[in-house]
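So the structure is just underneath, and the comments pick up after that.
A quick note: this is a predicted structure, and the numbers were derived from the prediction, not measured. Chain letters run A, B, ... following the sequence lines, proteins first, then strands; residues in each count from 1.
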Amino acid sequence: AQRVTQPEKLLSVFKGAPVELKCNYSYSGSPELFWYVQYSRQRLQLLLRHISRESIKGFTADLNKGETSFHLKKPFAQEEDSAMYYCALSETSGSRLTFGEGTQLTVNP
Amino acid sequence: DGGITQSPKYLFRKEGQNVTLSCEQNLNHDAMYWYRQDPGQGLRLIYYSQIVNDFQKGDIAEGYSVSREKKESFPLTVTSAQKNPTAFYLCASSPMGGGQPQHFGDGTRLSIL
């Protein structure tokens, strides 16, 4: 069975510092990976997906199949990045997602 | 305006009572999902449906039931058999097929009186 692990429940950085939110997965096939974000008082929304290989709001994430990781990175954190971030995995043939436990990011001024 | 609507926003349940949470979408998505969100545990899948009149159990289906009589609607019933129902419930939908992103509603917070 697939599993997603986010080892940090809480992460605190200062504005302008680099930030990396860790995500590791276990899955026997070829996964589709996502990062979702939930800002305060807003609904959960898609931030980015590995297949798009795009940068959203300055965030990037690279799928490392050797290390089974999909870490989310941003070189210079902003206060508005403070939110709950979830890493999620989908089977290539199905639509259901398996979520990690989430990381609460706080960017301090 | 396309999206997913969950109602009510807050719901209170008495001991031994069944309650039903509503989820409606106008995105024309085939697949719909119910998740339970607890602090420190992320989102856990309760039930999902990929087509009308069909649904599958997720990881924590015990004490819950669903129906999918219409494409746009996927109500969740929290039964009296669910011993710890206090949680935040999220509904989502997506197109069919692997790797499709899911769209989420605002959620329903269920509490026990």
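The backbone N or O of B/Asp54 sits less than 3.5 Å from a side-chain atom of B/Ser49, completing a donor-acceptor pair. At distances below 3.5 Å, at least one donor-acceptor pair connects side-chain atoms of A/Trp35 with backbone N or O atoms of A/Phe70. In this structure, the side chain of A/Ser82 engages the main chain of A/Glu79 through a donor-acceptor pair within 3.5 Å. Without hydrogens or angle criteria, A/Glu8 side chain to A/Leu10 main chain gives no donor-acceptor distance under 3.5 Å.
In summary, the side chains of A/Gln38 and B/Gln37 do present a donor paired with an acceptor at a separation below 3.5 Å, with no hydrogens or angles considered. Using modelled atom types, one finds no donor on one side chain facing an acceptor on the other under 3.5 Å when comparing B/Tyr48 with B/Tyr35.
Heavy atoms of B/Gln56 lying under 4.5 Å from chain A are absent altogether. Interface remark: B/Gln41 contributes backbone atoms only to the contact with chain A (heavy atom separation under 4.5 Å). B/Leu43 touches chain A through backbone and side chain together, each having a heavy atom under 4.5 Å away.
No more than 12 heavy-atom neighbours from other residues, nucleotides or ligands sit within 6.0 angstrom of CD on A/Glu67. For OH of A/Tyr39, the number of neighbouring non-hydrogen atoms (other residues, nucleotides, ligands) closer than 6.0 Å is greater than 12.
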| task | Given side-chain contact (heavy atoms from CB on, under 4.5 Å), test B/Phe55 with B/Trp34 step by step and report yes or no. | result | CA-CA 11 Å; B/Phe55 47 83; B/Trp34 275 105; over 6 Å; no

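Just one of A/His71, A/Arg3, A/Gln6 meets the side-chain contact (heavy atoms from CB on, under 4.5 Å) condition when paired with A/Asn24; it is A/His71.
Among residues 71-84 of chain B, no residue has any heavy atom closer than 4.5 Å to a heavy atom of chain A. Residue-level contacts of residues 105-113 of chain B with chain A, in order of numbering, are B/Gly105, B/Asp106; threshold 4.5 Å between heavy atoms.
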